[in-house]
Amino acid sequence: MLDRWTMPLIQRPLLRLARWLAVAGVRPDQVTLLAFLVGMLALPLLAGEAYGWALVAVLVNRLGDGLDGALARLTHRASDAGGFLDIGLDFVFYAAVVLGFALADPAANALAAAVLLFAFIGTGSSFLAFAIMAARHGLDRPRFPQKAFYYLHGLTEGTETVLALVAFCLWPGRFPVLALGFAAACLVTTAMRLWGGYATLKALPGKAG
């Protein structure tokens, strides 16, 4: 929901960082992989209740997630392979953070973590399923032309997810409440995407049924 406002704001600083990396000869996929590896450190850090360091790992990961795309566009190396790697590792990272909180305090956090992972399955599957159909029918990405995949709108997009992960790390004692609240928003997003995607595809010429 917030991506349409936040993404234009962050593109200029990301482009500055991307220029430095381009001069150094860094490739976009290298940024993607490094950001993923740093982000995955959040799992053991959260399990060990080192929430401050886990937050650093989360923020570095999210910075890299925006930086790899900016670098790819700047160096004309944007590709379907890079986009696939980026979104695939994103979902693994999101699940790892939630698992980390479950391991930190299973008695308090496990149920909320399970519910949130259930909700993540809905947002992720509806997102990717429509992306496949959008590519098949040649639908463009007017809202987010810099993205490798077609984005259907929803309450929980990239910005909201980052804010949720940061909130989890800042207030770990409130994880169950925060996670269940975010899971509810994710379920609403899933419903919106399923209906929006169905209606969009059904309205295509010759596709009614």
Does some side-chain heavy atom of [Y] sit less than 4.5 Å from a side-chain heavy atom of [X]?
{"X": "Tyr51", "Y": "Glu49", "answer": "yes"}
{"X": "Val166", "Y": "Leu55", "answer": "yes"}
{"X": "Leu33", "Y": "Leu89", "answer": "yes"}
{"X": "Asp65", "Y": "Phe93", "answer": "no"}
{"X": "Phe36", "Y": "Leu85", "answer": "no"}
{"X": "Leu63", "Y": "Leu14", "answer": "yes"}
{"X": "Val58", "Y": "Phe168", "answer": "no"}

Considering all heavy atoms, the nearest [X]-[Y] contact:
{"X": "Leu194", "Y": "Ser126", "result": "CD2-CB, 4.0 Å"}
{"X": "Gly122", "Y": "Ser125", "result": "O-OG, 3.3 Å"}
{"X": "Leu46", "Y": "Cys169", "result": "CD2-SG, 4.3 Å"}
{"X": "Cys186", "Y": "Ala119", "result": "CB-CB, 3.7 Å"}
{"X": "Gly82", "Y": "Asp29", "result": "CA-OD1, 3.8 Å"}
{"X": "Ala102", "Y": "Ala113", "result": "CB-CB, 3.8 Å"}

Please enumerate all residues that pass side-chain contact (heavy atoms from CB on, under 4.5 Å) together with Ala47, with sequence neighbours excluded.
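side-chain contact (heavy atoms from CB on, under 4.5 Å) check on Ala47 returns Leu103.
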Could you tell me the separation between the [atom1] atom of [X] and the [atom2] atom of [Y], rounded to the nearest 0.5 Å?
{"X": "Phe84", "Y": "Thr32", "atom1": "CZ", "atom2": "OG1", "answer": "12.5 Å"}
{"X": "Leu71", "Y": "Arg27", "atom1": "CG", "atom2": "CZ", "answer": "10.5 Å"}
{"X": "Phe182", "Y": "Phe175", "atom1": "CZ", "atom2": "CZ", "answer": "11.0 Å"}
{"X": "Leu204", "Y": "Met133", "atom1": "CG", "atom2": "CE", "answer": "11.0 Å"}
{"X": "Asn61", "Y": "Met40", "atom1": "CG", "atom2": "CE", "answer": "9.5 Å"}
{"X": "Leu99", "Y": "Leu117", "atom1": "CG", "atom2": "CG", "answer": "7.5 Å"}

Check whether Arg73 reaches the backbone of Ala78 with its side chain - one donor and one acceptor, N or O, closer than 3.5 Å.
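Checked: no pair found.
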Under 3.5 Å: donor-acceptor pair, side chain of Thr190, backbone of Thr123
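Answer holds: yes.
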Take Phe118 and Ile121, measure what side chain to side chain contact (heavy atoms under 4.5 Å, CB included) needs, and give me the verdict at the end.
CA-CA 5 Å; Phe118 166 74; Ile121 291 294; 5.6 Å; no
Take Leu15 and Arg12, measure what side chain to side chain contact (heavy atoms under 4.5 Å, CB included) needs, and give me the verdict at the end.
CA-CA 5 Å; Leu15 184 57; Arg12 183 171 296 178; 5.7 Å; no
Test side chain to side chain contact (heavy atoms under 4.5 Å, CB included) on Trp53 and Leu41; report intermediate values, then the result.
CA-CA 9 Å; Trp53 285 111; Leu41 292 175; over 6 Å; no
Verify same cluster id: [X], [Y] (apolar side-chain graph, 4.5 Å):
{"X": "Phe101", "Y": "Val115", "result": "no"}
{"X": "Ile87", "Y": "Val97", "result": "yes"}
{"X": "Leu170", "Y": "Val98", "result": "yes"}
{"X": "Val60", "Y": "Leu67", "result": "no"}
{"X": "Val23", "Y": "Leu17", "result": "no"}

Is there a side chain to side chain contact (heavy atoms under 4.5 Å, CB included) between Leu128 and Ile132 once you walk through the steps?
CA-CA 6 Å; Leu128 294 174; Ile132 294 170; 5.5 Å; no
Please state whether the rings of Trp195 and Tyr198 are parallel, tilted or perpendicular, taking 30° and 60° as the class boundaries.
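Because their plane-to-plane angle lies in the 30° to 60° range, the rings of Trp195 and Tyr198 count as tilted.
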